[in-house]
Student: 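Below is a structure I'd like to ask you about.
Any value given below was found using the heavy atoms of this structure, including those in side chains, with hydrogens, waters and symmetry copies removed.
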Amino acid sequence: MALFSDFLNGFPMKEMFRDVLQQVMESELDTELGYEKSQRTSDSAAENKGRNYRNGYSKKTVKTQLGAVEVKVPRDRNGEYEPRIISKYSRNAEGIEEKILALYACGMSQRDISEQIKNLYDVDISPELVSKISEKIMPEVTAWQNRPLEAVYPFVFLDAIHYKVKQDHQYQTKAAYVVLGITMDGRKDILGVWIGEHESGKFWLNVLNDLKSRGILDVYLFCVVGLKGFVEAIAAVYPHRQVQRCIIHQIRSSTRFVSYKDIKHLMADLKKVYTSVTEDEALKHLVEFREKWGKQYPSCVKSWEENWDSIT
């Protein structure tokens, strides 16, 4: 499994990112003008005298970790409005991708959402603006969370993105657990995002049941981290599945207690195991690896032996 940020460079995520940016800027202008886009203004000339109005859009391409994203920046007639989410002369929006993705997560309270919206900005914003942004984006977020999914996905990847949120005047690290599916025609599709404090078999069981209730009947291969209870949770919901353990996570977890002076030589021997062309060849190298390193690093060898079925 590659780093999960690599998977987010697909079109669906760029579209989600663009839509939230668009709605945020619309909310900013609503607050600036004192009325919403669809709201009728008074016909009284006296009341409208000196009033500022919307004046169309200007296109702007911003740089993100997902690639170039084109947005429509709303304008006002008096030229007083300047976007706060992305400043007027800035074309770089890197750093807020994970925060916007987290807005699509299931299980967030209204307070969590409000804090997440505040966290999009480098400066304090008014409760009124937070409320307006929330009102605009929540209907489409809710629709996305509950959208029906395809019946079959050949591959499904489960992993997490960690990001920082300012809460109660302190920065806390939270995890957005992301499920990415590969469709039958090879497209990437983010099936869902869930916010959680800790991964557990019970947590993933709830996630998998949610996916099944939204229409997924079968998955050919799950690619997962080596979490205890994870494989059992998958088997409970999709009993005919196959599971591939992420090699990167396996390497990291099995070698974390290896001495720095030994890591280079140990990794050279371990690489023979996980780059083998056949299982027989891999097993031969694992036996050699155990004979050489088993006494010095028994937990490292044990980790590969216990997870051999899902690794191979």
Student: Do you see a donor-acceptor pair shorter than 3.5 Å between the side chains of N307 and R245?
Tutor: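 Side chains of N307 and R245: pair found under 3.5 Å.
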Student: Counting the benzene-type ring for Trp, do F222 and F155 have ring centres under 6.0 Å apart?
Tutor: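 No: the rings miss the under 6.0 Å criterion.
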Student: Using a 3.5 Å distance criterion without hydrogens, assess whether the side chain of K60 forms a donor-acceptor pair with backbone atoms of S90.
Tutor: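 Yes: the side chain of K60 pairs with the backbone of S90.
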Student: Find the distance between SG (C246) and CZ (F157) and round it off to the nearest 0.5 Å.
Tutor: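 Taking SG in C246 and CZ in F157, the distance rounds to 9.5 Å.
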Student: Could you tell me whether E279 and K284 make a salt bridge, using a distance below 4.0 angstrom between a side-chain N and a carboxylate O?
Tutor: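 Salt bridge flag = no for K284 with E279.
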Student: Any donor-acceptor pair under 3.5 Å linking the side chain of K14 with the backbone of A68?
Tutor: yes
Student: Is it true that a side-chain atom of R147 and a backbone atom of W144 form a donor plus acceptor pair closer than 3.5 Å?
Tutor: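 Yes, R147 side chain to W144 backbone: donor-acceptor pair under 3.5 Å.
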Student: Just wondering, do N92 and V62 contact through their side chains at under 4.5 Å, heavy atoms?
Tutor: no
Student: Flag the pair K72 / S58 as yes when at least one side-chain heavy-atom distance between them is below 4.5 Å, and no otherwise.
Tutor: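 Contact flag for K72/S58 side chains = no.
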Student: Are side-chain heavy atoms of Q296 and D262 found at a separation under 4.5 Å?
Tutor: yes
Student: If I take atom OG from residue S27 and atom CD from residue E32, how far apart are they, to the nearest 0.5 angstrom?
Tutor: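 S27 atom OG to E32 atom CD measures 13.0 Å (nearest 0.5 Å).
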Student: Tell me whether L103 shares a hydrophobic cluster with M138, the cluster being built from Ile, Leu, Val, Met, Phe, Trp, Tyr side chains joined at under 4.5 Å.
Tutor: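 Yes; tracing contacts between hydrophobic side chains, which count when under 4.5 Å, links both residues.
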Student: Establish whether L270 and L283 are linked, either directly or via other cluster members, by ILVMFWY side-chain heavy-atom contacts under 4.5 Å.
Tutor: yes
Student: Between E28 and Y81, is there a side-chain donor-acceptor contact under 3.5 Å, judged purely by atom types and distance?
Tutor: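 Y81 vs E28: donor-acceptor pair found between side chains.
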Student: Do the side chains of D185 and R187 get close enough for a salt bridge, i.e. N-O under 4.0 angstrom?
Tutor: yes
Student: Say whether N52 and D76, considering side chains only, have a donor N or O and an acceptor N or O under 3.5 Å apart.
Tutor: yes
Student: Under 4.5 Å between any side-chain heavy atoms of R252 and I248, yes or no?
Tutor: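 A side-chain contact under 4.5 Å exists here.
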Student: Work out which heavy atom in V130 is nearest to a heavy atom in I117; give both atom names and the distance.
Tutor: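 Nearest pair, atom of V130 first, then I117: O-CD1, 4.0 Å.
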Student: Look up atom CZ in R91 and atom CD1 in I86, then write down how far apart they are to the nearest 0.5 Å.
Tutor: 10.0 Å
Student: Could you give the distance from OG (S114) to CD1 (I133), rounded to the nearest 0.5 Å?
Tutor: 10.0 Å
Student: Would you say L266 ends up clustered with V287 if hydrophobic residues are merged whenever their side chains have heavy atoms under 4.5 Å apart, either directly or through other cluster members?
Tutor: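 In one cluster: no.
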Student: Should I190 and M184 be counted in the same cluster of Ile, Leu, Val, Met, Phe, Trp and Tyr side chains packed under 4.5 Å apart?
Tutor: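 No, no single cluster joins them.
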Student: Please check if the side chain of T255 supplies one atom and the backbone of V258 the other of a donor-acceptor pair under 3.5 Å.
Tutor: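 Checked: no pair found.
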Student: Indicate the ring-plane relationship of W204 and Y177, choosing parallel, tilted or perpendicular according to the 30° and 60° boundaries.
Tutor: perpendicular
Student: Only pairs at least two apart or in different chains count here, so list each side-chain hydrogen bond (donor to acceptor under 3.5 Å, both in side chains) that has a residue in residues 263-272.
Tutor: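 Pairs touching residues 263-272 that pass the test: D269-K292, D269-W293.
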Student: How close do G67 and T64 get, heavy atom to heavy atom, and via which atoms?
Tutor: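 So the minimum-distance heavy-atom pair works out to O-OG1, 2.7 Å.
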Student: Would V156 and L221 count as a side-chain contact (heavy atoms from CB on, under 4.5 Å) here? Give the steps.
Tutor: CA-CA 6 Å; V156 166; L221 181 68; over 6 Å; no
Student: Identify the two heavy atoms, one from Y238 and one from D218, that lie closest to each other, and give their separation to 0.1 Å.
Tutor: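 Nearest pair, atom of Y238 first, then D218: CE2-N, 4.2 Å.
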Student: Using only atom types and a distance under 3.5 Å, with no angle test, would you say the side chain of T312 pairs donor to acceptor with the backbone of W308?
Tutor: yes
Student: Check whether any side-chain N or O of R214 sits under 3.5 Å from a backbone N or O of N146 as a donor-acceptor pair, and report yes or no.
Tutor: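 Not confirmed, R214 side chain does not pair with N146 backbone.
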Student: Check this for me: does any side-chain nitrogen of one of R54 and E26 sit under 4.0 Å from a carboxylate oxygen of the other?
Tutor: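 Yes, this pair counts.
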Student: Checking L180 against D189 for the side-chain contact (heavy atoms from CB on, under 4.5 Å) test, could you report, in this order, the C-alpha distance in whole Å, the side-chain angles of both residues, the deciding distance, and whether it holds?
Tutor: CA-CA 6 Å; L180 176 107; D189 186 10; over 6 Å; no
Student: Looking only at non-hydrogen atoms, find the nearest pair between V273 and A282 and report the distance.
Tutor: O-CB, 3.5 Å
Student: E140 versus Y104: any side-chain heavy-atom pair under 4.5 Å?
Tutor: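 Contact flag for E140/Y104 side chains = yes.
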Student: Assigning hydrophobic clusters by single linkage (Ile, Leu, Val, Met, Phe, Trp, Tyr; side-chain heavy-atom cutoff under 4.5 Å), is M267 placed with V301?
Tutor: yes
Student: Start with the C-alpha distance between I125 and R84, add both sets of side-chain angles, then the distance that settles side-chain contact (heavy atoms from CB on, under 4.5 Å), and finish with yes or no.
Tutor: CA-CA 9 Å; I125 59 174; R84 299 179 67 185; 3.9 Å; yes
Student: Hey, is CD on E281 packed in by over 12 heavy atoms from elsewhere, all under 6.0 Å?
Tutor: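 Above 12, so yes.
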Student: So, do T61 and V69 sit near enough that their side-chain heavy atoms are less than 4.5 Å apart?
Tutor: no
Student: Between Y297 (side chain) and S259 (backbone), is there a donor-acceptor pair under 3.5 Å?
Tutor: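 Indeed, once roles are kept as given, a pair shorter than 3.5 Å links the two residues.
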Student: Given Q250 and S303, is the side-chain hydrogen bond (donor to acceptor under 3.5 Å, both in side chains) satisfied, shown in steps?
Tutor: CA-CA 8 Å; Q250 170 63 25; S303 175; 3.0 Å; yes
Student: I need the minimum non-hydrogen distance between E305 and L286, along with the two atoms involved.
Tutor: CG-CD2, 4.2 Å
Student: Nearest 0.5 Å please: distance from the NZ atom of K132 over to the OG atom of S126.
Tutor: 9.5 Å
Student: Please confirm whether the backbone N or O of V237 pairs with a side-chain atom of K212, one donor and one acceptor, at under 3.5 Å?
Tutor: yes
Student: Any side-chain heavy-atom pair from Y57 and V73 closer than 4.5 angstrom?
Tutor: no
Student: Have S310 and Q244 got a donor and an acceptor in their side chains that come within less than 3.5 Å?
Tutor: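 Not at all, the side chains of S310 and Q244 share no donor-acceptor pair under 3.5 Å.
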Student: Rounded to the nearest 0.5 Å, what separation is found between the CD1 atom of I113 and the CD1 atom of I137?
Tutor: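 Nearest 0.5 Å value for the CD1-CD1 distance: 7.5 Å.
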Student: Please find the pair of heavy atoms, one from I182 and one from Y153, that lie closest to each other, and give the distance.
Tutor: O-CD2, 3.6 Å
Student: Would you say Y220 has more than 12 foreign heavy atoms packed within less than 6.0 Å of its OH?
Tutor: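 Count not over threshold, so no.
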Student: Starting from the C-alpha separation in whole Å, work towards a yes-or-no answer on side-chain contact (heavy atoms from CB on, under 4.5 Å) for V219 and R241.
Tutor: CA-CA 6 Å; V219 175; R241 85 291 172 256; 5.6 Å; no
